[in-house]
Amino acid sequence: MASDLHEAIFMAKQERHKNLFLNYRNLVSFPVELLRDEGMQFLERLFMKRNSLTALPENLAQKLPNLIELYLHSNNIAIIPQAIGNLVKLQSLDLSDNALQLICPEIGQLRSLRHLRLANNQLKFLPQELGDLRELETLDVSMNLLSTLPERLYQCLSLQCLTADRNLLHCLPRQLCLLPDLNELSMAANCLTSLPLDLGRSMELQFVFVDNNAHLTGLPSYLYNKVIGCSGCGLAAQISDVKQLCLTLGDVTVPLPSEVKAIGSETDRVLPLEELACRVLHAAHSWTSKDVRFLLPKSLLDVVRWPLGHCHRCSQPMFTIVYPKLFPLRETALAGVHKRTTVSFVAYCCSSYCLRTFDLQG
């Protein structure tokens, strides 16, 4: 694995690659090869998802000054260095599924940032300096410990999608109603008791998700002509039925995906058999011995080793199909407009060793 990593970085430096894919490499520290000498001045996109990184180097911006996209989903990063603010060209930053407890105010210096994903961390508050991100279009802070949102978010005049599901929010700052381009607002599974009366007055805001707020008893009248529903992959975060079907492969017992128990109901969302089979093989590959793993053909082994992505809600691997958004709509004026959609895609990495791995939501 180490030799593959060195070779990938060496080739990227030699051929001046603009994209570098280091997903699923079991990295526990930032590769020093990326930071040696003058670094990689030409690199624009760095993918380091699903590793075990705990920190970012202080000289990251000095050695990788032209980064426009940085993907660090699913690591163990606890601290973002203040020097992150020096990545002045950065447009997309994904720090979802880490161990962050604090976001430094210097993040407000990323004036080119368009997409910021901080889902599934341990954040209790966000810096007011987020309001300085005037180009920000997407902000995802779901699955944290937030009790409030920064009032200065209303200064993010380009913000189109704000996701804050599964936090501890009691209210929504009224100033957010002033956001001119906000199209989707998702605040499901919080502690909301009321919503600003002006929410929905903007014609741009079309999708509002406030389900699973037990103390929210009414909606502002401006929301009655909007699409109201819930977001996610369609699977519960926790399976209530403890009885799981299992598949026995020799001496190995692999739990089957929960969807196989749902067949027979019109309302159940059952994934294609191809997807279910890939998930079972992925689990078997992870749990069996090395000798058993290589009984699979290499092409199939590559597929089950690196999923296309993971659901942001239940963290299950996805191989053939991804549900970006499900709309179990209520009786609204636009209830028949949007239907459940699926996206199916396969993207291959330029390396011969692995599939290029994408998390659709981050």
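Keep in mind that this is a model prediction, so the values were computed, not measured. Just so you know, residue 1 is the first one in the sequence shown, and it goes up from there.
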**Study point:** Among Lys18, Lys13, His17, side-chain hydrogen bond (donor to acceptor under 3.5 Å, both in side chains) partner for Glu15
**Key:**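 Option passing the side-chain hydrogen bond (donor to acceptor under 3.5 Å, both in side chains) with Glu15: His17.
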Hey, does the side chain of [X] reach the backbone of [Y] with a donor-acceptor pair shorter than 3.5 angstrom?
X      : Y      : answer
Asn66  : Gln41  : yes
Asn183 : Glu204 : yes
Thr138 : Cys161 : no
Asn144 : Ser142 : yes
Asn121 : Asn98  : yes
Asn75  : Ser52  : yes
Asn190 : Asn167 : yes

Point to revise | Electrostatic pair Asp132:Arg152 at N-O distance under 4.0 angstrom | key: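 Answer for the salt bridge query: yes.
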Check your understanding: Should Arg114 and Glu137 count as an ion pair when the cut-off is N to O under 4.0 Å?
Key ->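 Result for this pair is yes, salt bridge flagged.
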In this structure, are over 12 heavy atoms from other groups packed under 6.0 Å from [X] atom [atom1]?
X      : atom1 : result
Phe125 : CZ    : no
Arg111 : CZ    : yes
Phe10  : CZ    : no
Ile79  : CD1   : no
Arg201 : CZ    : no
Gln82  : CD    : no

Taking all non-hydrogen atoms of both residues, which atom of [X] and which atom of [Y] are closest, and how far apart?
X      : Y      : result
Tyr154 : Gln175 : CB-O, 3.2 Å
Arg25  : Leu5   : NH1-N, 3.8 Å
Met48  : Leu53  : CE-CD1, 3.7 Å
Pro150 : Pro127 : CG-O, 3.8 Å
Cys104 : Pro81  : SG-O, 3.9 Å

Practice item. In sequence, state the C-alpha distance, the side-chain angles, and the governing distance for Leu159 and Asp181, and then conclude on side chain to side chain contact (heavy atoms under 4.5 Å, CB included). Key: CA-CA 6 Å; Leu159 193 60; Asp181 292 335; over 6 Å; no
Check your understanding: Looking at OG of Ser74 and CG of Asp97, how far apart are the two atoms once the value is rounded to the nearest 0.5 Å?
Key ->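 Taking OG in Ser74 and CG in Asp97, the distance rounds to 3.5 Å.
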Review point. How far does CG of Leu149 sit from CD of Gln128, to the nearest 0.5 angstrom?
Key: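 Between Leu149 CG and Gln128 CD, I get 10.0 Å after rounding to 0.5 Å.
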Heavy-atom check, side chain of [X] versus side chain of [Y], under 4.5 Å:
X      : Y      : answer
Leu35  : Asn59  : yes
Arg45  : Ile68  : yes
Val208 : Val210 : yes
Ile9   : Pro31  : yes
Leu70  : Leu95  : no
Leu146 : Leu123 : yes
Arg134 : Gln155 : yes

Exercise for review: Tell me, with the steps shown, if Tyr71 and Leu93 meet side chain to side chain contact (heavy atoms under 4.5 Å, CB included).
Suggested key: CA-CA 6 Å; Tyr71 299 98; Leu93 175 60; over 6 Å; no
Any side-chain donor paired with an acceptor under 3.5 Å for [X] and [Y]?
X      : Y      : answer
Thr163 : Asp140 : no
Asp165 : Ser186 : yes
Gln91  : His115 : no

If Ile, Leu, Val, Met, Phe, Trp and Tyr residues are connected whenever their side-chain heavy atoms lie under 4.5 Å apart, and connections chain through other members, are [X] and [Y] in the same group?
X      : Y      : result
Leu130 : Leu102 : no
Ile77  : Leu22  : yes
Leu168 : Leu176 : no
Leu126 : Leu145 : no
Tyr222 : Phe207 : no

Check your understanding: What do the steps show when you test Met187 against Leu169 for side chain to side chain contact (heavy atoms under 4.5 Å, CB included), and what is the final call?
Key -> CA-CA 8 Å; Met187 302 186 68; Leu169 299 173; 3.3 Å; yes
**Study point:** Derivation of the side chain to side chain contact (heavy atoms under 4.5 Å, CB included) call for Glu135 and Leu113
**Key:** CA-CA 6 Å; Glu135 301 298 321; Leu113 198 63; over 6 Å; no
